[in-house]
Number of protein chains: 4
Amino acid sequence: MASVPERLVEAATRLFAAKGYDRVAVQEIVDLAGVTKGAMYHYFGSKDDLLNEIYGRLLRMQTERLEQIAAGPAPVVERLHAAALDVVVTSVDNFDQARVYFRSAEHLAEDKRREMRVARRRYHERFRALVEEGQAAGVLRADVPADLTVHYFFGSVHHLGQWYNVGGPLTAKQVGRHFADLLLASLRPVEEER
Amino acid sequence: MASVPERLVEAATRLFAAKGYDRVAVQEIVDLAGVTKGAMYHYFGSKDDLLNEIYGRLLRMQTERLEQIAAGPAPVVERLHAAALDVVVTSVDNFDQARVYFRSAEHLAEDKRREMRVARRRYHERFRALVEEGQAAGVLRADVPADLTVHYFFGSVHHLGQWYNVGGPLTAKQVGRHFADLLLASLRPVEEER
Amino acid sequence: MASVPERLVEAATRLFAAKGYDRVAVQEIVDLAGVTKGAMYHYFGSKDDLLNEIYGRLLRMQTERLEQIAAGPAPVVERLHAAALDVVVTSVDNFDQARVYFRSAEHLAEDKRREMRVARRRYHERFRALVEEGQAAGVLRADVPADLTVHYFFGSVHHLGQWYNVGGPLTAKQVGRHFADLLLASLRPVEEER
Amino acid sequence: MASVPERLVEAATRLFAAKGYDRVAVQEIVDLAGVTKGAMYHYFGSKDDLLNEIYGRLLRMQTERLEQIAAGPAPVVERLHAAALDVVVTSVDNFDQARVYFRSAEHLAEDKRREMRVARRRYHERFRALVEEGQAAGVLRADVPADLTVHYFFGSVHHLGQWYNVGGPLTAKQVGRHFADLLLASLRPVEEER
DNA sequence: GATGAATGAGCTTTCATTCAT
DNA sequence: GATGAATGAAAGCTCATTCAT
């Protein structure tokens, strides 16, 4: 059986994803993990520390992957497509973590929230830099601010948590491809637009 | 001064938007509205009844407008563009309401939640019907499921609540246009895709 | 029957006096007062707010009486004697309140603690002024700092809570007289001291 | 570096003096002492056992010194003066211990509390015997009960913990002399009292 | 219509102590 | 001798809701 802190993080992830941070009692988490409250507070300073742990994992992982993809040798359009696909696939593959991540920033304590915002921003900016690179190279349209485009796309990703059905007809890869295609299509240079 | 129930709804909207439903105490709402708890329970059956009220308003309004736009005489591409623009503009114009709407579905009591899901779905389906109409007419690409496209777009809209700054440099109309343009661009029929 | 807040203050006074602030649970207080915790938190912001209430009452009362006595027309030696006697008698007459007062300053929250220190100091200084008046008039010895004398005397008063037995052989007035006599005797001008 | 139990007692003394027994967590003590909880429970049976240890040290020391002083050859008035001075000086020289001693009797477990009361009483009685000796000899006033006088004086001593400032202008010896002088002065036989 | 005192169940967190290693 | 993970009981506090007035 996994270690106690590991079990706690898993239990918390499942419950936070299902009901939202504020609707989950610490008692439920420790019950699901099969330990007592004292054990939880031995490893985590607070309930929101547990959230912080969940939160950070996915973001760190996605950031690393984005940086690797972005630094690759392929043409920028391909790298952007790969990055878009990747964030969808990893979000779906870690669906509970992702759902927690998508909605729980506001429940972090002030200091951790600041840290997280910094990390999120770094991710956002790395992604935006890809878009800007494509715009500078003339292969992506430049009449829509790159910043706005990134928000536009990540809105779609965050929204996955609200409709995507893990056992359903669409695989992670299919959704990822569609999303990446839509993004790239929307950024093709305009020629004789209305 | 506005009527008591009106003041309560306004106060609740402001507070729910700012802090999230679970982080707002009924006492805060009545304090901000300048009434007492008894008064609130005179007009509303419960805290989540207040949420229900807020919730419904924006959705009803946007649904009506969508139906009007969709039923118009313009070509489908133009109607879709107008609908996309409209949902962004009305969401930004009623920003607090929209933010509450975007993240508080799960706080409704079971029966109201069901009602709401029905209403949301109707909206979603009306929008999807527009996309499907364009696909059938051959003016929008058909290789991405219309359903997925609608989720994709509304993710972007819902995400507005997390980054859009009401007093900032972008007006509602500008964001709306960009979003609508991105949507339409992403749906142009593909010709010689990679 | 007394009002709820009154009953709560009484219950808290009894319990804090008997066991010390930290050893009394809010639950015990409300049980003794015959109400629920919710009721307590309706009237008092916190456990230490209850302490604050108890704390202030005795000090306010003794301060008023001291000021009246000190402002009287009698010779300073008589006024000092009366003041010393009075603080003993009122402390014994409100024995539980006094015991709480004597030991619980450190349990107040920081802001209230500051307030209380100011009030205590004012009391102390009013008393010291009496001693200094006697010294200036040459009727009390001046070779012991007035400040130290006051600490010396109030130590004795505070200590009452640790040995005085309310049902015992000594009445409040008897103890008060003895204490006042000892104080005055210790302050008689020295003539041919060793 | 000192032994583990020694370091624990020192750390506990510092913390109990500063914050009061109930406000200090065992974890804080072991952290300050640089050991672990297990180590503490290896040497001491409980938190209050640690208090007991601190508690006894000062009292044992002061009792020994009192007995030596009281048994000396000097006239009773001088012995009483010396005893009074000594208890002040040793209390100030061991200020943290003294502060713990002055206010933590009630935190001892029942059995140790009884022991302590016995030891305290013995000290008190030895001191009182000095006063009574002086009264019998006619060199101290007899119209105030010796018992009450002792309480009166020790109140002043215990109160030191609440106002005396170790780095301040008054040395231990100065305070001790003043206190002893005040005590002796208050006990001079009365002649022509008002 | 409206008040606000009161409820009661629930919350997160703390902490002295134990015990397998 | 010493560790530190884990317990379990209790703590202070919050809050949506009710109800006599």
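Order of the sequence lines sets the chain letters (A, B, ...), proteins ahead of strands, with each chain counted from 1. Bear in mind that the values here come from a model prediction, so they are computed numbers and not experimental data.
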Side chain to side chain, D/Arg103 and C/Glu106, heavy atoms closer than 4.5 Å: yes

Plane angle bin for A/His158 and A/Phe102 - parallel if under 30°, tilted between 30 and 60°, otherwise perpendicular: parallel

Touch class at under 4.0 angstrom, heavy-atom based, for B/Val24 against every strand present: sugar-phosphate

Whole angstrom value for the distance that separates P of E/dA9 from CD of C/Gln27: 12 Å

Earlier contact from the 5' end, DNA chain E, for A/Tyr21 and D/Arg23: A/Tyr21

Gap separating the CZ atom of C/Arg99 from the CD1 atom of C/Ile54, nearest 0.5 angstrom: 13.0 Å

First of C/Ser46 and B/Asp48 reached from the 5' end of DNA chain F, by closest nucleotide: C/Ser46

Contact letters for nucleotides 2-7 of chain F, in which S counts primed atoms plus P, OP1 and OP2 and B counts the base, heavy atoms under 4.0 Å: SBBBBB

Nearest-angstrom distance from the residue atom CG of D/Leu8 to P of E/dA16: 14 Å

Heavy-atom closest pair, residues B/Ala17 and B/Asp96: CB-OD1, 3.4 Å

B/Tyr41 vs F/dT17: side-chain N/O to OP1/OP2 distance below 4.0 Å: yes

Integer-rounded Å distance: F/dA16 C1' and B/Leu15 CG: 16 Å

Neighbour count above 12 (heavy atom, 6.0 Å) for C/Arg121 CZ: no

Nucleotide F/dC13, atom C1' - distance to CG of C/Leu50 in whole Å: 14 Å

Nearest-nucleotide 5' precedence on DNA chain F, B/Lys47 against C/Ala25: C/Ala25

Whole angstrom value for the distance that separates P of F/dC13 from CG of C/Leu51: 12 Å

Euclidean distance, atom CG of residue D/Asp49 to atom P of E/dT17 [Å, nearest integer]: 10 Å

Quiz item: cation-pi between C/Lys47 and C/Phe16, 6.0 Å / 45°: no

Between E/dT17 (P) and D/Phe44 (CZ): distance, integer Å: 13 Å

Salt bridge (charged side-chain N to carboxylate O under 4.0 Å, His left out) partners of residues 49-63 of chain A, not counting sequence neighbours, each pair once: A/Glu6-A/Arg57, A/Asp49-A/Lys112, A/Glu53-A/Arg57

Ring-face cation contact, A/Tyr55 with A/Arg120, 6.0 Å cut, 45° max: no

Runs of at least three Watson-Crick or G-U pairs with DNA chain F, cut-off 3.5 Å: E:2-21 with F:2-21

Between C1' of F/dC15 and CG of B/Asp31, the distance in whole Å: 13 Å

Whether A/His107 and A/Tyr21 hold their rings parallel, tilted or perpendicular, with breakpoints at 30° and 60°: parallel

